[in-house]
> 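My questions will all concern the structure given below.
Since the model is a prediction, treat every value here as computed from it, not as a measurement.
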Amino acid sequence: MGATGTTATVDALGAAGIADHPFFGPLDRRPAHHRGPHRLSHHGWLNFAGRLERREEVASVLTAVATGDRVLDVGGGTGELTRAVAARAVHCVTVEPHAHRVEALQTSVDTSGGAPDAPGAPDGAEIEVLPGYAEELPLPDAAFDAVLACWVLPYADDPDRAVRELARVCDRDTPGSRVVLIGGAPDNELVSLLNEVCVPIAGEPHDHQGYLLENAARTLSELGFSAISLHRTEAALHFPESDPEERITAAAALLTDFWYEEHPRADEMRVALRPALRRHFARRPYAIGDQGIVLVAVCGSRN
């Protein structure tokens, strides 16, 4: 199946099948080792989140964790996904490393009284918000039957340790318990633009999120998650500005600030992005895709 397919199942015991799967691409640019984490600035993140539409992504996650009563969301971010999950869970916890987001999440939970109502769903769980990092979760072993980490691995200092922590807090003695990850698809438009323009100016290796998902699949397979499935999901950043040059200016600022707001060559990146964005908006005038791959790793009983 090509990278544009919709669903694929990987035999977790077949290392070769994992390594060659196109959803972990681009295969011809697979790095030898992890490039290191990206750093998100507060302003860059807020601008990004304010333009992001992710309804399909949220629906994919809700389906993936639908059987879980005890759900952990690692990297709560804006809380949009956490609240949607909590509306269907019995117990929901989110761990967030950034202090200002922890405060915002706690304020959101305090003012809403927990999860919002979901049409056709029972009353949701209250959300417990904890500060912490994916590599060292402040939680006991086997505390959850669904563990979720969306767009977390590219920002982890040690992605392998993070995946092992996700598995540690997942109750592997309960059949059907699962770890759910989302990372960038091989044709992710946002990452492609950053790789084309900003990453070379920064003098950094290309971002390859398929490499992180591939390694995560291997690790989870080794830890007893015997069924791994993959499917695509769509999200997009929207730029409704009517004037094309204003749209390009807004997009150039967003892309640069997302990873490189405090980089000494950030202004150069904003200028260099304009031709690439002009070409992009010629074929997709009002949006930049943030296409993802959803990896669901399901565990059988260890008994």
> Does Arg29 CZ have over 12 foreign heavy atoms under 6.0 Å away?
no
> Are Val74 and Leu166 close enough that some pair of their side-chain heavy atoms sits under 4.5 Å apart?
yes
> Examine the side chains of Thr249 and Arg274 and answer whether a donor and an acceptor come within less than 3.5 Å of each other.
yes
> Check the orientation of Trp259 and His38. Use parallel for under 30°, tilted for 30 to 60°, and perpendicular for over 60°.
parallel
> Indicate yes or no for a side-chain donor-acceptor contact from Glu135 to the backbone of Asp158 under 3.5 Å, with no hydrogens or angles considered.
yes
> Checking salt bridge (Lys or Arg N to Asp or Glu O under 4.0 Å) for the pair Glu241/Arg51: CA distance, chi angles, key distance, verdict?
CA-CA 12 Å; Glu241 290 84 354; Arg51 290 183 181 264; 2.6 Å; yes
> So, do Leu148 and Leu81 sit near enough that their side-chain heavy atoms are less than 4.5 Å apart?
yes
> If we count only N and O atoms by modelled type, under 3.5 Å, do the side chains of Thr174 and Asp171 hold a donor and an acceptor together?
yes
> Quick one, Asp257 and His43 - any side-chain contact, counting heavy atoms below 4.5 Å?
yes
> Measure the acute angle between the ring planes of Tyr155 and Phe258, then classify it against the limits of 30° and 60° as parallel, tilted or perpendicular.
perpendicular
> Could you tell me whether a side-chain N or O of Arg164 sits under 3.5 Å from a main-chain N or O of Leu223, the two making a donor and an acceptor?
no
> Would you call His280 and Ile288 a side-chain contact if the rule is heavy atoms closer than 4.5 Å?
yes
> Taking atom types as modelled, is there a side-chain donor on Asp290 or Asn188 under 3.5 Å from an acceptor on the other?
yes
> Side chains of Arg35 and His208: is there a donor and an acceptor less than 3.5 Å apart?
no
> Under 3.5 Å, is there a donor on one side chain and an acceptor on the other for Tyr260 and Glu204?
yes
> Flag the pair Arg270 / Arg265 as yes when at least one side-chain heavy-atom distance between them is below 4.5 Å, and no otherwise.
no
> State, to 0.1 Å, how close Pro175 and Asp173 come at their nearest heavy-atom pair, and which atoms those are.
CD-O, 3.5 Å
> Got more than 12 heavy atoms from elsewhere within 6.0 Å of CZ, Arg30?
yes
> Just by modelled atom types, is the Asp69 backbone N or O under 3.5 Å from a matching donor or acceptor in the Asp145 side chain?
yes
> Between Leu27 and Leu213, is there a shared hydrophobic cluster once you connect ILVMFWY residues whose side-chain heavy atoms come closer than 4.5 Å?
no
> Is there a path of hydrophobic side-chain contacts, each under 4.5 Å between heavy atoms of I, L, V, M, F, W or Y residues, that connects Trp45 with Met269?
yes
> Between Asp160 and Thr219, do the side chains contain a donor N or O and an acceptor N or O under 3.5 Å apart?
yes
